[in-house]
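Reading through the structure tokens given below for one structure.
Atoms within each ligand, like the ligands themselves, are counted from 1 in listed order. In this chain, residues are counted from 1 in sequence order.
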Amino acid sequence: MKIAVIGTGYVGLVTAAGLAEFGHQVIGTDKIVDKIEKISEGIAPIYEPGLDKLLKKNLGKGNLRFTPALDTTIQSCDVIFVCVGTPQDEEGRADMSQIEEVSRRIAENLDSYKVVVEKSTVPVQTSMWIKRIISRYKKSEASFDMASNPEFLREGSAVADFLSPDRIIIGVETERARELLVKIYEKFRDRLIITNIDTAELIKHASNSFLAMKISYVNLIANICEKTDADVDQVSAGMGLDPRIGSQFLRAGLGYGGSCFPKDIKALAKIGEDLGVDMSLLKEADRINVGRMRVFIDKIKRALWILKDKKIALLGLAFKPETDDIREAASIRIIRELLREGSTLRLYDPQAMNNMKEIFGPDPDRLEYCASAYEAVRGVNALLLITEWEEFRTLDLKKVKGLMANPIIVDGRNIFKPEEVRGLGFEYYSVGRK
Ligand code: UGA
């Protein structure tokens with residue numbers, strides 16, 4: 001069986017390398033030629049632990065290759081995974097133009113039976129549209145089937161998530177497609193959930209929105225904790241022991257970012273509304289998330305009063321640790337707001353500096369990119385913790401204090417223990433804790 005993977009973003013690249021690792025013949029394709037050249041040498045264009053190694057291994061074995069030639073890739077494969085982007089449009093809906101374009105190309109090159117699998121996160125009923133487009137534009141008598149196989153990998157642990165998934169959702173409408181998909185995931189027979197296509201599509205959006213809601217919920221509780229003597233970390237720990245709730249995704253902080261949750265919760269709200277369903281629950285969760293930035297800025301103001309001309313260090317720019325991805329990262333909104341207030345910023349992140357430079361170029365008077373966390377805190381009036389990278393947890397805080405002009409920490413991710421940092425002489429503000 002030969003498999004095509006169209007789109008080599010996070011999902012496509014990991015899918016291509018992962019399917020090759022399972023022993024399949026895989027061709028990955030993307031319209032960005034530079035990217036394909038780099039990937040063909042085994043260099044992932046994104047920072048993702050273990051990905052370069054997996055690419056190199058399977059490129060070396062000869063069962064994985066990459067090419068910009070979309071037409072011949074479609075013609076030569078039996079199963080086509082569609083992994084192109086579904087970004088958000090101005091109204092919060094998923095922009096399906098890339099999916100539509102790929103559907104037409106599949107139609108034009110459909111020369112034998114193929115299964116077209118959507119792997120990108122798409123609104124429920126997308127497959128029906130892809131099917132209509134392929135049927136409309138196809139030039140041969142060859143037949144095809146649609147399938148949905150949503151991806152649940154997390155950035156930062158994407159390779160591990162793909163190679164040992166907790167479930168694999170397969171949405172199909174024919175026995176022939178079912179057999180092919182089951183064969184691809186043979187290894188994980190015990191973890192296969194087979195449904196119809198609408199159900200598979202909805203499982204993905206419903207899962208991401210639920211997790212986003214869980215985070216907004218704990219952030220709401222954190223707001224109550226800040227006005228009382230309660231401690232949000234202990235509240236989360238206490239709640240999480242109930243197996244019906246579970247302890248994951250109950251970390252209060254700066255809210256969810258990244259390319260998935262903010263987009264998916266809005267998209268599902270739109271889908272529901274378009275279908276006539278009241279989606280206030282999801283809209284409220286999203287509103288709480290957007291409000292996290294204000295809560296954080298107010299905290300900085302409580303510490304510093306006036307932000308104009310204050311020198312502030314930001315540690316962590318990526319939307320979460322172990323990635324260089326800054327899409328929808330809390331850091332961007334915070335930087336924008338602090339610059340608007342007139343502060344001078346010193347930034348550091350272990351992986352995301354280059355990406356951030358594309359949004360905020362260095363400015364000798366207002367914004368400096370620093371070589372280390374210690375460099376960033378030199379002479380600052382306050383230190384902000386934005387992303388909980390492991391290296392920040394193990395900072396030598398005595399040294400940090402010695403370098404800062406004023407020993408003030410505003411911790412957006414609760415990475416330090418209040419009594420410890422205060423014991424060292426810091427003024428310390430965190431989330432949902434005294
Ligand atoms: C998320 C899902 O977890 C994946 O299952 C899914 O496949 C993926 O979206 C996707 O749709 O492609 P990801 O965006 O990589 O994965 O990141 P998460 O680890 O889920 O974190 C999302 C955001 O929530 C981050 O900004 C993180 O800092 C925040 N978060 C997470 C919290 O604020 N509190 C928590 O307790 C957990």
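- We find that D233 and R251 are not joined by a salt bridge, their nearest charged nitrogen and carboxylate oxygen being 4.0 Å or further apart.
- In the vicinity of N208, heavy-atom distances shorter than 4.0 Å reach the ligand 1 atoms 2 (C), 6 (C), 9 (O), 10 (C), 11 (O).
- In terms of protein heavy-atom proximity, atom 30 (N) of ligand 1 is closest to I215 CD1, 3.4 Å.
- Residue contact check for ligand 1: K214 places no non-hydrogen atom closer than 4.0 Å to it.
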Verdict with supporting geometry, Y10 and R154, side chain to side chain donor-acceptor pair (under 3.5 Å): CA-CA 9 Å; Y10 266 101; R154 293 159 300 172; over 6 Å; no
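- For the residue pair K263/T86, the side-chain donor-acceptor check at 3.5 Å is satisfied.
- Contact atoms of ligand 1 toward R413: 28 (O), 33 (O) (distance under 4.0 Å to a heavy atom of the residue).
- Only one option out of K204, K119, E118 pairs with N149 in a side-chain hydrogen bond (donor to acceptor under 3.5 Å, both in side chains); it is K119.
- No donor-acceptor contact under 3.5 angstrom links the side chains of Y429 and D411, judged on distance only.
- With ligand atoms numbered from 1 in the order given, ligand 1 contributes 3 (O), 4 (C), 15 (O), 16 (O) to contacts under 4.0 Å with heavy atoms of R154.
- Within the set K320, H205, K263, K119, the minimum heavy-atom distance to atom 21 (O) of ligand 1 is found for K320.
- The protein heavy atom nearest to atom 26 (O) of ligand 1 is G257 N, 2.9 Å.
- With atom 14 (O) of ligand 1 as the reference point, the heavy atom nearest to it among F249, Y10, F319, Y256 is part of F319.
- Ring pair W389/Y47 is tilted by interplanar angle, where 30° to 60° counts as tilted.
- Judged by the shortest distance from any of its heavy atoms, Q248 lies outside the 4.0 Å radius around the atoms of ligand 1.
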L317 vs N355, side chain to side chain contact (heavy atoms under 4.5 Å, CB included): CA-CA, chis, key distance, verdict: CA-CA 9 Å; L317 305 173; N355 284 339; over 6 Å; no
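- For atom 1 (C) of ligand 1, the closest non-hydrogen atom of the protein is F261 CE2, 3.5 Å.
- Atom 15 (O) of ligand 1 has its closest protein heavy atom at E155 N, 2.7 Å.
- The shortest contact between atom 9 (O) of ligand 1 and any protein heavy atom is with C260 CB, 3.2 Å.
- For the pair G253 and ligand 1, no heavy-atom separation below 4.0 Å is found.
- Residue L250 has at least one heavy-atom neighbour below 4.0 Å for each of these atoms of ligand 1: 36 (O).
- Nearest to atom 36 (O) of ligand 1 among the protein's heavy atoms is R251 N, 2.8 Å.
- For atom 5 (O) of ligand 1, the closest heavy atom belonging to the protein is F152 O, 2.8 Å.
- Side-chain contact annotation: N58 with R65, donor-acceptor N/O pair under 3.5 Å absent.
- Aromatic ring centres of F22 and F162: separated by under 6.0 Å.
- The protein non-hydrogen atom at the shortest distance from atom 8 (C) of ligand 1 is L153 O, 3.4 Å.
- Set against the non-hydrogen atoms of E151, the atoms of ligand 1 under 4.0 Å away are 7 (O).
- No hydrogens or angles considered: nothing links the side chains of D264 and S209 as a donor-acceptor pair under 3.5 Å.
- Judged by a 6.0 Å distance limit and a 45° cone about the ring axis, R393 is not positioned over the six-membered ring of F416.
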